[in-house]
> 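Please see the structure below; I have some questions.
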Amino acid sequence: MLETTSYAILPSQVNKKEELRHPVQSICSYEWDGKVLSGMLSKGSFFIYFTRENTLRFAVQPFGEADVSPTIAAERDQPLDGVTFEPSEDSLVLEAGAHRVTIFKNSLSFSVSRNGATVFQTEAPCVSYTKEKQVYFSVEKETDAPIYGLGEKSGFINKNGLKISNWNTDVFAPHNKDTVELYQSIPFALIHAQDKTTGIFFDNTFRTSFDMQTYRDKLEIMAEGGQVNVYVIWGEDVKETVQAYTDLTGKTPLPPKWSLGYHQSRYSYTSQDEVSTIAATFKKYGIPLDCIFLDIHYMDDYRVFTFNEDTFPGAGALVKDLNSQGIDVVPIVDPGVKKDVHYPVYVEGMEKGYFSKYLDGDVYYGEVWPGESAFPDFFNSSVQKWWGGLHQYYTKLGIRGIWNDMNEPSVFNETKTMDLDVMHDVDGKKISHKEGHNLYGLYMSKATFEGLKEQVPNSRPFSLTRAGYAGVQRYSAVWTGDNRSHWEHLEMSLPMIINLGLSGVAFSGADVGGFSSDTTPELLIRWTQVGAFLPYFRNHSVQDSIYQEPWAFGEATMESVKKYIELRYRFMPYLYTLFHEAEQTGLPVVRPLVMEYPQDEETFQCSDQFLLGKNVLVAPILRQGQTHRAVYLPAGEWYDFWTEERYKGGEYHLIKADLDTLPLFVKEGTILPLGSPVRNTKEKQEIELHIYHSEQEVTGILYEDDGISYDYRDQAYSISTYDYKKGDLQISREGSYEATAEIIATKIIGKNEAGEDI
């Protein structure tokens with residue numbers, strides 16, 4: 001416990017000598033097989049190849065042969081055809097399209113040019129190592145270049161000037177700027193300039209660190225083991241680079257529409273009667289609701305895949321009743337399996353050898369909610385299939401979504417996780433927990449997602465995870481963990497979710513109202529306003545905090561909270577269309593301003609505003625008692641969503657926003673499809689088109705399908721494209737889905753006839 005006192009800053013800890021590093025030096029020999037360039041170094045080996053014209057994979061193993069097999073994160077890693085190779089005395093050159101990579105032999109390094117202009121340069125040498133088998137990779141950067149990405153890290157959107165490490169960690173203590181190791185590890189950074197954006201994905205699953213602080217003109221990446229295994233992406237802007245990254249690591253699949261509605265949770269609703277009362281109260285006050293969560297108290301002594309028969313004696317009837325009201329139920333499932341010889345899940349896992357073990361074959365046990373517990377070895381495909389099959393316990397009741405928590409994995413000990421010498425079985429390949437720790441949550445999410453997909457055929461699963469690694473977006477939505485009811489945490493949630501989106505995770509959110517501590521009426525209102533426009537929308541609170549359901553603070557607060565929950569459903573047609581776009585393109589639903597305005601320096605540091613898609617700008621109030629704020633509107637004309645007042649872009653504006661108002665703007669030229677009021681997403685909406693006048697093009701898109709099945713992948717969808725010119729609205733459609741929403745009204749905004757129907 002001394003590390004929480006002044007003992008932590010002992011004078012002897014200042015200027016502690018770092019371990020001596022050694023460069024891998026020069027290329028001694030090489031081989032070109034037509035796609036991959038590989039060879040031996042003065043120390044170790046390397047390979048390098050294009051995976052696409054603007055993406056290069058480069059690996060160095062100082063301690064042996066470089067491993068060419070990609071990790072689970074890299075979904076599309078194949079050497080590119082058509083690459084040319086040209087050796088010379090001093091260098092080796094690879095060319096793909098407009099990109100030319102020059103690898104220098106004498107002091108291992110490389111540079112990249114596009115159409116003759118240099119766009120990327122490593123240090124020389126670019127790889128070094130220590131005797132403790134740490135590996136380093138160093139690249140040049142402009143001193144003041146903003147750096148984005150790196151997942152859900154705390155602090156502002158720009159990470160330049162910081163040191164950030166990646167080790168999935170259960171952090172309940174208050175999250176702040178110095179809390180850099182949280183639940184997700186996504187070692188992907190974007191270095192941005194006005195005319196280019198470079199993405200660096202350091203795909204090494206050991207603990208890694210990105211040092212953007214020690215050297216002003218250099219980014220240095222370190223891993224505590226393994227090899228330098230890096231993908232470098234050169235995009236003309238943030239958008240192109242993120243698209244290439246998600247092409248490599250996978251895109252967020254289109255979720256079931258019900259998962260985009262409003263979700264209500266608490267740690268915990270402790271009985272089925274309380275759950276029924278919560279649902280009834282939402283109905284009483286006419287507040288839309290799509291889902292109720294069940295935290296760990298629903299279980300029998302915290303045994304996963306059980307219900308407590310004393311407090312949930314009719315779980316099946318409860319789920320059936322809620323489903324009949326259009327409300328889904330999502331239970332929590334943790335990885336810790338209680339050590340109990342009378343517990344079938346534990347017995348079966350032991351008999352089949354499915355739990356994580358030491359090298360000598362002994363099962364690892366750790367303390368979590370159920371007490372002494374074993375942990376499934378999710379790295380093994382047989383274990384994944386077994387675990388996925390266990391979810392039949394829930395799906396038979398009508399449950400079609402699962403919440404994975406504690407899957408860093410979190411253990412109640414000093415290290416907060418498994419012993420690092422536990423060995424995992426990756427289908428025959430053994431890796432230590434030191435190497436696999438950051439992957440545990442990703443593999444669990446994979447097992448959960450695929451299990452649900454098999455148990456409920458032709459139904460898109462909903463999986464929510466706390467822990468993950470690069471590529472987790474293929475299997476699960478992400479929430480930012482145990483935040484608190486602090487205004488600072490509301491503010492911090494924006495750059496966390498923005499950077500998750502830039503790191504491939506399009507489906508993410510933060511606990512509305514704050515998980516721990518006690519929220520206030522004002523904070524709950526302001527947080528609900530933000531949550532209504534984030535990809536994932538859930539109110540969740542801890543057991544010893546006051547309740548924070550919409551009605552908890554009286555009628556006035558409830559009406560304001562209800563207003564923004566209803567607004568979420570009004571925007572559902574637009575939001576669902578953006579999720580379809582995310583699956584197709586890899587672009588996030590929530591975007592930083594710099595993604596759409598990459599040359600505008602005013603957007604580079606903007607952490608307190610965001611774009612929903614490219615045409616809706618949200619500028620929330622993030623300070624207690626504040627009723628005005630400066631809003632930066634990028635180039636173009638923008639309309640206030642509430643007043644329909646027109647604002648000039650490229651400027652800051654002082655906007656008034658009383659407690660019931662979220663500053664919200666729509667760009668000129670947008671046709672925004674808004675839905676009619678509904679109780680939840682299972683009800684069919686009608687559409688009102690808001691047409692925001694522009695002298696230029698005025699367009700909009702609406703994507704529709706049945707909201708739950710995979711039939712849309714067989715053309716059972718509808719994409720409506722709207723074009724408005726000189727009072728004439730043209731609609732074109734593609735796809736075979738016929739149950740499209742009816743357009744009940746069309747409203748022109750921004751001309752003399754504003755507010756009148758066409």
Side-chain angles (χ1 to χ4, degrees), residues 254 257 260-261 288 532-533 563-582 584 589 591 596 611-618 633 636-647 649 662 664-681 683-707 712 717-758:
L254 184 64
K257 186 179 280 189
L260 305 183
F533 287 90
K563 170 183 173 179
Y564 283 92
I565 295 174
E566 290 176 334
L567 189 62
R568 168 69 164 212
Y569 287 85
R570 282 193 75 193
F571 271 80
M572 187 61 67
Y574 178 71
L575 183 66
Y576 194 57
T577 300
L578 290 176
F579 269 94
H580 172 258
E581 180 184 355
Q584 299 301 310
V589 172
R591 303 172 188 176
E596 297 295 339
L611 292 165
L612 186 65
K614 64 180 181 179
N615 290 335
V616 175
L617 187 146
V618 184
L633 298 175
E637 299 282 321
W638 296 82
Y639 293 89
D640 185 306
F641 177 78
W642 306 106
T643 67
E644 299 178 359
E645 182 179 353
R646 191 198 309 243
Y647 289 88
L662 167 73
L664 186 61
F665 301 86
V666 184
K667 192 171 185 181
E668 64 174 343
T670 300
I671 299 181
L672 184 65
L674 297 177
S676 58
V678 287
R679 292 181 303 169
N680 49 57
T681 58
E683 295 184 350
K684 189 172 180 59
Q685 287 183 296
E686 297 169 317
I687 298 296
E688 181 177 313
L689 295 179
H690 283 203
I691 301 174
Y692 291 86
H693 173 71
S694 173
E695 296 298 333
Q696 308 301 318
E697 185 179 48
V698 183
T699 63
I701 294 175
L702 174 63
Y703 173 83
E704 298 173 272
D705 61 25
D706 63 19
Y712 74 95
Y717 65 84
S718 171
I719 297 178
S720 300
T721 301
Y722 307 112
D723 288 289
Y724 179 74
K725 294 179 182 179
K726 298 180 180 180
D728 183 32
L729 178 66
Q730 297 292 327
I731 304 175
S732 60
R733 285 195 172 94
E734 64 174 273
S736 62
Y737 182 70
E738 296 182 354
T740 56
E742 179 185 357
I743 298 174
I744 57 171
T746 306
K747 184 178 182 182
I748 308 293
I749 297 155
K751 293 184 72 176
N752 292 333
E753 65 268 31
E756 297 179 3
D757 290 343
I758 304 178

> How many angstroms lie between CG in L633 and OH in Y647, if you round to the nearest 0.5 Å?
8.5 Å

> Who pairs with H690 by side chain to side chain donor-acceptor pair (under 3.5 Å), at least two apart in sequence or on another chain?
E688

> Looking at every non-hydrogen atom in both residues, tell me the closest pair between I687 and P573 and how far apart they are.
CD1-CG, 3.6 Å

> Going by side-chain contact (heavy atoms from CB on, under 4.5 Å), name the residues that satisfy it together with E581, two or more places apart in sequence or in a different chain.
L578, T585, L587, R591

> I701 and Y722: which non-hydrogen atoms are nearest, and at how many Å?
N-CD1, 4.3 Å

> Would you say that I749 contacts V666 through its side chain, given a criterion of any heavy-atom pair below 4.5 Å between the two side chains?
no

> Any side-chain heavy atom of F641 sitting closer than 4.5 Å to one from L567?
yes

> Only counting residues at least two apart or in another chain, list the ones meeting ring-ring contact (aromatic ring centres under 6.0 Å, His included) with Y576.
Y703

> So does K563 have more than 12 non-hydrogen atoms from other groups sitting under 6.0 Å from NZ?
yes

> Please name the pair of heavy atoms, one in G750 and one in R646, separated by the smallest distance, quoted to 0.1 Å.
O-NH2, 2.8 Å

> Can you give me the closest heavy-atom contact between G707 and D705, atom names plus distance?
N-OD1, 2.7 Å

> Can you see which heavy atom on S720 is nearest to which on E704, and at what distance?
OG-OE1, 4.3 Å

> When the ring centroid of F533 is compared with that of F571, is the distance short of 6.0 Å?
yes

> So, taking the atom named CG in L260 and the one named CZ in R568, what distance separates them when rounded to the nearest 0.5 Å?
6.5 Å

> Could you grab the distance from atom OG1 of T699 to atom CG of N615, nearest 0.5 Å is fine?
7.5 Å

> Rounded to the nearest 0.5 Å, what's the gap from CD1 on I671 to OH on Y574? Could you check?
12.5 Å

> Check G261 against Y569 and note the closest heavy-atom contact, atom names and distance.
CA-OH, 3.4 Å

> State the CD1-OG1 distance between I719 and T740, to the nearest 0.5 angstrom.
13.0 Å

> Heavy atoms, side chains only, cut-off 4.5 Å: are Y724 and T746 in contact?
no

> Could you check whether atom CZ of R679 has more than 12 heavy atoms from other residues, nucleotides or ligands sitting under 6.0 Å from it?
no

> Could I get the full list of ring-ring contact (aromatic ring centres under 6.0 Å, His included) partners for F579, not counting sequence neighbours?
F507

> Taking ring-ring contact (aromatic ring centres under 6.0 Å, His included) as the definition, give me every residue that meets it alongside Y692, ordered by chain and number, with sequence neighbours left out.
Y639

> Hey, could you give me the CD/NZ distance between E644 and K747, rounded to the nearest 0.5 Å?
4.0 Å

> Does any non-hydrogen side-chain atom of M572 lie less than 4.5 Å from one of L575?
yes

> Who are the side-chain contact (heavy atoms from CB on, under 4.5 Å) partners of N680, not counting sequence neighbours?
D290, K682, E683

> Does S694 use its side chain to pair, donor to acceptor, with the backbone of Q696 at less than 3.5 Å?
yes

